[in-house]
Structure formats: C-alpha cells, structure tokens
Amino acid sequence: MEIDRPDGRSPNQLRPLACSHSVLHRAHGSATWAQGETKVLAAVYGPKAGTKKNENPEKASIEVIWKPNTGHVGQADREYEMILKKTLESICIRTIYPNTTTSVIVQVVHDDGALLPCAINAACAALVDAGIPLRHLAVAICCSVTDNNSIILDPSKKEEEKSKAFAYLVFPNTTVSVVPEKSSQVGNDPMAHGIITSVTHGAMSVDDYLHCLERGRATTQRLSEFLRKNIAPKSTREASKAG
Amino acid sequence: MSVPNAAATEDLSSEMEVDAFRRLFPLRYFERHLAESIRSDGRPLREARDTSIFLGAVASANGSALVKIGSTTMLTAIKMEVMIPSLESPDEGCLAIDFHMPPICSPIVRPGRPAEAEPVVSKQLSDTITSSGMIDLRELSLVGGKAAWMAYLDIYCLDADGSLFDAALLSAVAALSHLQIPAVAMNDDGKIVLMSDEDGQKQAKEQVNKEKRKLTLKSIPLSLTCILHKNYILADPTAEEESIVETHVTIILDTSGQLISLYKPGGPVLAYTSAIQDCVALTRQRVKELKSFLDKENSAMEVE
C-alpha cells in the first residue's frame, strides 16, 4: 500500500535522527535529540539535596521542567511535564539515592511534530550522560493513523494535523545483561514488547491501536541501536567536571 | 516456610493489629488481599465501585450533575454566555473546560497551592471531548459571525478518593446531557437578550433560539482507570490503592466502541498486549454500564 507523504518517505521510514551529548558545560548531563526538524535540548542536574516539596525518604525524586520554544507554559506543557516525569521515574533506579532530587530541564528548540517522543528520547540520553543509574533505556515513537486507516510513523507537524489520531508510545530498550537468568523475558513476551507510556489523541479503533503497537515495536529496535551507539557513559570518557 | 523472610512477616502480621499493619506495610497489606482475590474494601479485583448520577444539582446553572463513584465526588455545572465568535470559526461556539481541586477534596491539596493534577485533568478532559466529536460546536452558534454560545464547564472535585479522571469525565458528560440552552432573541439594536417565559410568545423581536433545547450528543466518551500490579489488573482504584501502586492505565472508549484514549503515564509495570486487551474489555463493559445509568437518569428527568 503506497501512501504519499509530503517529504517522500515510506510509511515506516523515520526522519533523519541526530543526537549529541554533553552540549552544556554547567549541567551534569545534557543532550540534544533531533528527528528531522523537531529538536529538543535536555539538561540534567543532580542528584542534589531534595527540596522540601520533593523530598522522599525512600526514593529519589525526579523533577521535570518543560520550557516551550515560545510563549508561556500552558496546560499542554504541564501535561507533557507530568508524562515525562512519570516516564523517567519508571526507568530510573530510584532507591539508590533517597532524599535527593534530580532535575531534568527540557527546552523545546523546534517543534515539527512528534514533540513528546523526541523530548523523551532527549531526556533519556541526558540522564545517561549525567550517569544517573537507570533500569533500562526508553525509546519513544509517534505512530499516526491517517484517514484511510493506514499507519505512518514519526509524522511531521503537518501530517499530525491531517491525521485522525496519533499515539505516542514509549518502549523499554532490551537490557544487555551478563547474568543469564536476568534475560529480558517476562512470561512469553520479551521485555521490549511492554509499554512504559502510552498517550493518544483522536479517535481510532482498538485494532488500529494494536497495529500502532506492533509497528512502533518493530521500529524502536532501530531507535534503540541508534541511542546505544550514540551515548557512552560520561564517566568513561572523562572525569566528572561538574562540582 | 522455605523463605525465612516471608515467615517473619507472617508472624508480624498475626501479632500486629490490622490497622497498624495496614499503615506500616501498605504494600504487604495490599498483596495479602490480592492473594485472596479480594480488595481491602471487599470488592472483587475487576469490579468498579457503586456509581450514582444526580442531574440538576445546581439550580442556577444551565446544566449540572453530581456524580459519585464510591466516595469520589464530582460536581459539574455549565454556564452559558453569549459571545462574539472568533474570526477563524465564525459559525462555532466555544466550550471551556476547567477542573478544580479545592482543598476540601483531599489532605494532599493545600490552600493557595493548586494541585498538580488540575491542569493535567483539564487538558485531558478537553482533549477527550474534542477528539470524541461528542459535541458539534456549530450547534452553539446563534447568528453566524455575530453571536455564539460560550459554555463554561466547571468541574469541582469535592472528595478525591481515586479514579478522579473517570468521575470528572462522567460528571462532565452527564452535565452536558442535562444542559438546556436558554431561549434568546435579538432586539432592535442587534443585541442578544434572554427571553423570559411569559413574553416568549408575543415577541416582535427576531427570535434566534425559539425555545429551550438540548444539545445533540453523538457518541458519548466514558472511561475506566485500572491499576496494574504484577499480573493483577484492578479496576477503579481508590486513593489508597493508587498511592500504593504506581502503574495506572486509563482507557476512554465512546459508546460506538472507538478508542478515544489509552493513557498510561509511566509506572514500573510494563503493559503487554494481553493486559491491554483485558483492560479494553473491562472498559467496554463499564462503558455499557455507565451509559445505562446515564440514560436512566435522563429519561427520569424527562418524565418530570
């Protein structure tokens, strides 16, 4: 089935990915992530002593600050902040540094569709750059359902507006473990098939959603490899520079 | 008793008073219930709490509803005002949704500091109502380009005991089904005035909206929140359960079976396809149940 996309991509084709890390000097970890024209900058500070509001004697807390590229922080930004916070909380090993707060600041540089997935990927890369202990990596993807019920991946802003529904999905990156019994199987499903986060907009049938899941899963494999290739832990590259 | 640790807790739980055990080891208390396939309030795992809908709770509003799911209570009121439509959509009215969590609803909410959930739930509610296409905004138009209805839909949470979004959505939908658009007329100056009941018939003025009418609601979106813990799925959690388990899945389906939203913000438990299908099936059942409650209330209102 041929679908015409304005930029000539095939339905499963992602826009060119770009990722760079340690772009900010003062931050403990930072990264930019770009998918085509969409670009997000993320910085991580911490773990630092918990503020009164966030202090938790059992677990480290994570604070997300979302900065839109223009204008004031609106309801949509607050929603993204909350989703990002919960997603990052679920991938971090939070029992290691109780009573601390890790701040993740996300600055939108340019929004051309699939903004939240791009921000999640950027935040994940920044957390790795800062050396925050993570359970596994997370990769996010946007699947969009067009009017004739076909699914396209990683839509641009224009495609997002034209589509009848779209889903932001976040999947875990398969853990590479030296311990054999820690292999990433849960029951019959490999771990990478579970969803960490799912956010949808617009009405679609349940079957369309399940198709989105399948297509998203298949593609995250590529995203995972890209993410892994691009981020080496900072500690191995140079001694900590933040004081 | 092969695991010494388990044996120790077993002993502890029998020595301690139930309330103390519940407060000190909330997770263990919760899991011991799950093992017996029952929840601490006596419900089976996949059953929602008792739900009641009361339409017309606020007499001064154009449409209102009070909804209770267990002890979670939501009050919704809709107020209609005439406004000049925007240039981009001259034939459409407007719907503004606001969700409020006053300090009365929960000990977590402090006066002067708005709850974190407030803007998030507001945004989700307006997204849900727009993407389900429940309301045709053109129906809220009065005179093309000159006057249209602005509907202010305010939802107040009176008691926050879990599943806030489900209760908020149900009360918003119930209030919209109860909404009566008032009768208005245009006077000589081109202003829109409310028509009172007495002089409604002998109007020389141009009548814009001849009589009170209801909105036509196409398909109604309704939702169910589930929490996932290990392999268990629990429907309609209370605030206590929500605080113990961090993985929440909210599914919104409309009455024609379309998926409006599948919202899972993080959480330590990964959702596999089978769990999602189970949750969707539970939601389907719940939507049917809620729709019948709503229809019953609405037909009772018409008889009066």
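In the text below, chain A, chain B and the rest are named by the order of the sequence lines, each starting its count at 1.
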*asked:* Can you tell me which portion of A:Met82 sits under 4.5 Å from chain B's heavy atoms? Options are side chain, backbone, both or neither.
replied: side chain
*Identify which part of B:Ile276 has an atom lying under 4.5 Å from any heavy atom of chain A, answering side chain, backbone, both or neither.*
side chain
_Which one wins on heavy-atom pair count under 4.5 Å against chain A: B:Asp127, B:Thr128, B:Val121?_
B:Asp127
*Given the side-chain rings of B:His229 and B:Phe30, with only the six-membered ring counted for Trp, is the space between their centroids under 6.0 Å?*
yes
*asked:* At a heavy-atom distance under 4.5 Å, which candidate from A:Val206, A:Asp208, A:Thr200 has the highest pair count against chain B?
replied: A:Thr200
*Looking only at atom types and distance, does a side-chain atom of B:Glu241 sit under 3.5 Å from a main-chain N or O of B:Thr238, one as donor and one as acceptor?*
yes
*asked:* I need the residue from B:Ala117, B:Ala271, B:Ser131 with the largest number of non-hydrogen atom pairs under 4.5 Å to chain A.
replied: B:Ala271
*Decide, yes or no, whether a salt bridge links B:Lys123 with A:Glu79 under the criterion of side-chain N to carboxylate O below 4.0 Å.*
yes
*Selection from A:Leu213, A:Thr87, A:Ile195 maximising heavy-atom pairs under 4.5 Å formed with chain B*: A:Ile195
*asked:* Pair B:Asp98, B:His100 - check side-chain contact (heavy atoms from CB on, under 4.5 Å), show working.
replied: CA-CA 6 Å; B:Asp98 233 336; B:His100 306 271; 3.7 Å; yes
*Quick one: pull up CD in A:Gln107 and CD1 in A:Ile65 and give me the separation to the nearest 0.5 Å.*
11.5 Å
*Name the member of B:Ile260, B:Thr130, B:Val269, B:Leu262 that forms the most heavy-atom pairs with chain A at distances under 4.5 Å.*
B:Leu262
*Which residue out of A:Ser198, A:Ala203, A:Gly202 racks up the most heavy-atom pairs below 4.5 Å with chain B?*
A:Ser198
*Under a 4.5 Å heavy-atom cut-off, does chain B meet the side chain of A:Leu210, its backbone, both or neither?*
side chain
*Given side chains that start at C-beta, do those of B:Arg46 and B:Cys226 come closer than 4.5 Å, heavy atoms only?*
no
*Should the pair A:Trp66 and A:Tyr80 be assigned to parallel (<30°), tilted (30 to 60°) or perpendicular (>60°) ring geometry?*
tilted
*Heavy-atom pairs under 4.5 Å with chain B, option from A:Glu81, A:Lys86, A:Gln75 with the top count*: A:Gln75
*Side chain from CB out, backbone as N, CA, C, O: work out which of these in B:Arg284 comes under 4.5 Å of a heavy atom of chain A, or both, or neither.*
side chain
_Part of B:Glu116 lying under 4.5 Å from any heavy atom of chain A_ = both
*asked:* Heavy-atom cut-off 4.5 Å, strictly under: side chain, backbone, both or neither for B:Leu253 against chain A?
replied: side chain
*Tell me, side chain or backbone of A:Val170 under 4.5 Å from chain B's heavy atoms, or both, or neither?*
neither
*asked:* Aromatic contact between B:Tyr29 and B:Phe25, with the criterion being ring centroids under 6.0 Å apart: yes or no?
replied: no
*Determine, for A:Arg94 against A:Glu58, whether the closest basic-nitrogen to carboxylate-oxygen distance falls under 4.0 angstrom.*
no
